[in-house]
Amino acid sequence: MHDFCFTIPYGLLVLVGGIVGYARRGSTASLAGGAGSGVVLLLAGFISLKAFEKRRNSYVALVLETLCSLTLTFVMGKRYLETTKIMPAGVVAILSALMSFFYLYKIATGGNHIPPKAE
C-alpha cells in the first residue's frame, strides 16, 4: 500500500476536524492545529502521489508525513492524558500513532514500491 493512499484521507480528516472544532467551539487552536496539519498532510500526500506517477519515491513527503503524524500523536496524546476525553484527543492520538507506525514502516522498507514498467 502506498503512503498517499492513507495520507490524503488522513489529511482530510484532520483538516475537517480542525474546521469543525473551530465552528463548534470557536477554538482557534483547533483551526490552526487541525487545519494546518491537515493542509501539510494533504500537500505531502499530493507530492508523494505525483512522484509515484513519475515512477519515483518522494522521501521528502514521507519524512514530512512522519513528522506531522508524530507531532499530532504527541500533542493529542498529551491532551488526552490531561482531559481523558476520547473525542477528539484520544481518537486523533490513536489514529496518528497508527499512521506514524505506517510511515516508519514505509521508511524502513524503502518507500513506495514502484511496479516494474510493462513493455
task = State, yes or no, whether a side-chain contact exists between Leu104 and Thr66 at a heavy-atom distance under 4.5 Å.
result = yes
key: Heavy-atom side-chain contact between Phe46 and Ile8 under 4.5 Å   = no
ask   = Side-chain heavy atoms under 4.5 angstrom apart, residues restricted to Ile, Leu, Val, Met, Phe, Trp, Tyr: same cluster for Val16 and Ile86?
value = no
ask   = Under 4.5 Å between side-chain heavy atoms, hopping through other hydrophobics if needed: is there a path connecting Leu12 to Leu95?
value = no
key: Atom of Asp3, atom of Phe102 and distance for their closest heavy-atom approach   = CA-CE2, 3.6 Å
query = Under 3.5 Å, is there a donor-acceptor pair between the side chain of Ser30 and the main chain of Gly21?
reply = no
key: Flag side-chain contact, heavy atom, 4.5 Å: Leu67 against Tyr103   = no
Enclosure of Arg55 CZ (heavy-atom neighbours >12, cutoff 6.0 Å) = yes
ask   = His2 and Asn112: which non-hydrogen atoms are nearest, and at how many Å?
value = CA-OD1, 3.2 Å
task = Decide yes or no for Ile114 and Arg56: does some side-chain heavy atom of the first lie under 4.5 Å from some side-chain heavy atom of the second?
result = no
task = Please report the shortest heavy-atom distance between Ser100 and Thr73, naming the atom on each side.
result = OG-OG1, 3.5 Å
CG on Asn57 to CZ on Phe52, rounded to 0.5 Å = 9.0 Å
inquiry  = Please report the interatomic distance CD1(Ile19) to OH(Tyr22), rounded to the nearest 0.5 Å.
reply    = 11.0 Å
request  = Kindly give the heavy-atom pair with the smallest separation between Cys68 and Val40, and that separation in Å.
outcome  = SG-CG1, 4.4 Å
ask   = Which one of Thr71, Val14, Val92 satisfies the side chain to side chain contact (heavy atoms under 4.5 Å, CB included) criterion with Met76?
value = Val92
inquiry  = Between Tyr80 and Ile94, is there shared hydrophobic-cluster membership here, with clusters defined by ILVMFWY side-chain heavy atoms closer than 4.5 Å?
reply    = no
ask   = Are Lys50 and Glu53 close enough for a salt bridge, meaning some N to O gap below 4.0 Å?
value = yes
remark   = In terms of heavy-atom contacts, Ile47 and Ala61 come closest through CG2-CB, 4.0 Å
task = Taking Ser96 for its side chain and Leu72 for its backbone only, find out whether a donor-acceptor pair lies under 3.5 Å.
result = no
task = Could you tell me the separation between the CD atom of Glu65 and the CG atom of Leu41, rounded to the nearest 0.5 Å?
result = 7.0 Å
query = For the residue pair Met1 and Cys5, what are the closest heavy atoms and their distance?
reply = SD-CB, 3.6 Å
query = Do Leu15 and Leu42 come close enough that some side-chain heavy atom pair is under 4.5 Å?
reply = yes
request  = Using only heavy-atom distances, determine whether the side chains of Tyr10 and Ser69 contain a donor-acceptor pair under 3.5 Å.
outcome  = no
ask   = Does the side chain of Ser48 reach to within under 4.5 Å of the side chain of Leu62, using non-hydrogen atoms?
value = no
